[in-house]
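Below is one structure, written out as C-alpha cells; comments come after it.
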Amino acid sequence: DAEITQSPRHKITETGRQVTLACHQTWNHNNMFWYRQDLGHGLRLIHYSYGVHDTNKGEVSDGYSVSRSNTEDLPLTLESAASSQTSVYFCASGDKLNTEAFFGQGTRLTVV
Amino acid sequence: EDQVTQSPEALRLQEGESSSLNCSYTVSGLRGLFWYRQDPGKGPEFLFTLYSAGEEKEKERLKATLTKKESFLHITAPKPEDSATYLCVAGGYNKLIFGAGTRLAVHP
C-alpha cells in the first residue's frame, strides 16, 4: 500500500542547531507539503512543492527551508532552531494543493 | 478572508447518542470540502470529500453533508472507538484552509 512516512517521530534539539526532518511518500504524488500543528491553531502551511526542483513558501515559512531532488522526498530544514519552532510537524502529499491530502504520522520537535 | 470555523470545540457523547459536528466556511471559489479524523499522536486521516451543495457521503456511522455555507458531520450511534478530533478543511484557491477541529469523546 502507498504511504507517507516521517522520521524521526520525536526530536529534541538545542536552540541554534540545524535540524532536518525527513518525509518520504510512495503515492507518486507530484505535490508535497509541510505543515505545523500547534494548540490553538489549525494546521499551518510551511512550504510546499509541485514537483522535482520546485519549492514554494507557505504562510509560516520563516526559519524553514525545503529541497526537492526527487518525487518521493521533501526534507524540511530548520536553519537555526528556535523555541518558537517547538511543534508537531506533518508532511503530506496530494494531487493538488487544494484537494484532499494524505498525511504522515508527524514529528514532534522540541527546541530547548 | 478565507475561514473555516468548527463547532463545538469539544463534544462528549454517551455510546449510542447520535449528534452532529458543524463546520462553517467562507471561502472564495470553494474547490472542495474535506473531513479528516485525527487520533492523538497521529496524522490526520482522510474521510470524505464533498464538492457541491446537497452532496452527501457516508462511511460506517459517519455521514457528511454540504450546504453553500456549512458542512455537517453526523455521527449515528457512536462507539468509543469514534473518539477523535475531527477536522474540517476547505479547498480554496491554491490552498487548504483548516478548521481547528472538534474533539469528540464517546463514553461507554
Side-chain angles (χ1 to χ4, degrees), chain A residues 1-11 21-25 27 29-50 54 56-61 87-110, chain B residues 1-10 21-52 55 57 59 62 64 66 71 73 84-103:
Chain A
D1 286 349
E3 61 180 2
I4 180 164
T5 55
Q6 295 182 232
S7 62
R9 292 295 313 277
H10 302 273
K11 174 79 175 176
L21 310 182
C23 175
H24 179 83
Q25 56 102 359
W27 288 96
H29 287 141
N30 284 326
N31 304 305
M32 295 183 71
F33 323 104
W34 274 103
Y35 292 91
R36 61 179 288 174
Q37 188 174 41
D38 304 287
L39 281 175
H41 294 276
L43 283 133
R44 294 181 291 173
L45 183 64
I46 305 171
H47 279 287
Y48 59 100
S49 168
Y50 286 146
D54 176 76
N56 304 279
K57 294 182 179 181
E59 60 181 307
V60 290
S61 61
S87 185
V88 180
Y89 292 86
F90 289 101
C91 180
S93 70
D95 286 334
K96 296 180 183 179
L97 184 56
N98 57 1
T99 59
E100 62 267 24
F102 299 92
F103 287 81
Q105 296 286 18
T107 295
R108 181 173 295 277
L109 177 68
T110 303
Chain B
E1 180 185 351
D2 293 336
Q3 193 170 359
V4 173
T5 303
Q6 293 187 246
S7 62
E9 288 186 15
L21 313 183
N22 176 265
C23 170
S24 299
Y25 63 91
T26 52
V27 175
S28 301
L30 182 74
R31 266 65 169 180
L33 192 292
F34 316 109
W35 282 97
Y36 288 82
R37 168 190 173 129
Q38 187 173 20
D39 293 296
K42 295 191 176 182
E45 175 189 348
F46 171 72
L47 293 174
F48 303 112
T49 301
L50 302 166
Y51 287 111
S52 56
E55 189 175 359
K57 293 278 180 71
K59 181 179 180 180
L62 301 177
L66 183 66
S71 180
L73 186 66
T85 296
Y86 290 87
L87 299 175
C88 176
V89 185
Y93 178 72
N94 214 28
K95 64 178 177 179
L96 293 176
I97 304 103
F98 288 83
T102 293
R103 294 190 311 278

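So you know, we letter chains A, B, ... as the sequences are listed, proteins then strands, and number each from 1.
- By number of non-hydrogen pairs under 4.5 angstrom with chain A, the leading residue of B:Gly99, B:Gly32, B:Ala90, B:Gly91 is B:Gly91.
- Residues A:Leu43 and B:Leu87 have side chains in contact (heavy-atom distance under 4.5 Å, counting atoms from C-beta outward).
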Hey, what donor-acceptor pairs show up under 3.5 Å between chain B and chain A?
from    : atom 1 : to       : atom 2 : distance (Å)
B:Tyr36 : OH     : A:Ala101 : N      : 2.7
B:Tyr36 : OH     : A:Ala101 : O      : 2.8
B:Gln38 : OE1    : A:Gln37  : NE2    : 3.0
B:Gln38 : NE2    : A:Gln37  : OE1    : 3.0
B:Gly41 : O      : A:Arg9   : NH2    : 3.1
B:Gly43 : N      : A:Gln105 : OE1    : 3.4
B:Thr49 : OG1    : A:Glu100 : OE1    : 3.3
B:Gly92 : O      : A:Asn98  : ND2    : 2.9
B:Asn94 : OD1    : A:Tyr50  : OH     : 2.7
B:Asn94 : ND2    : A:Tyr50  : OH     : 3.4

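- A:Ala92 does not touch chain B: none of its heavy atoms, backbone or side chain, sits under 4.5 Å away.
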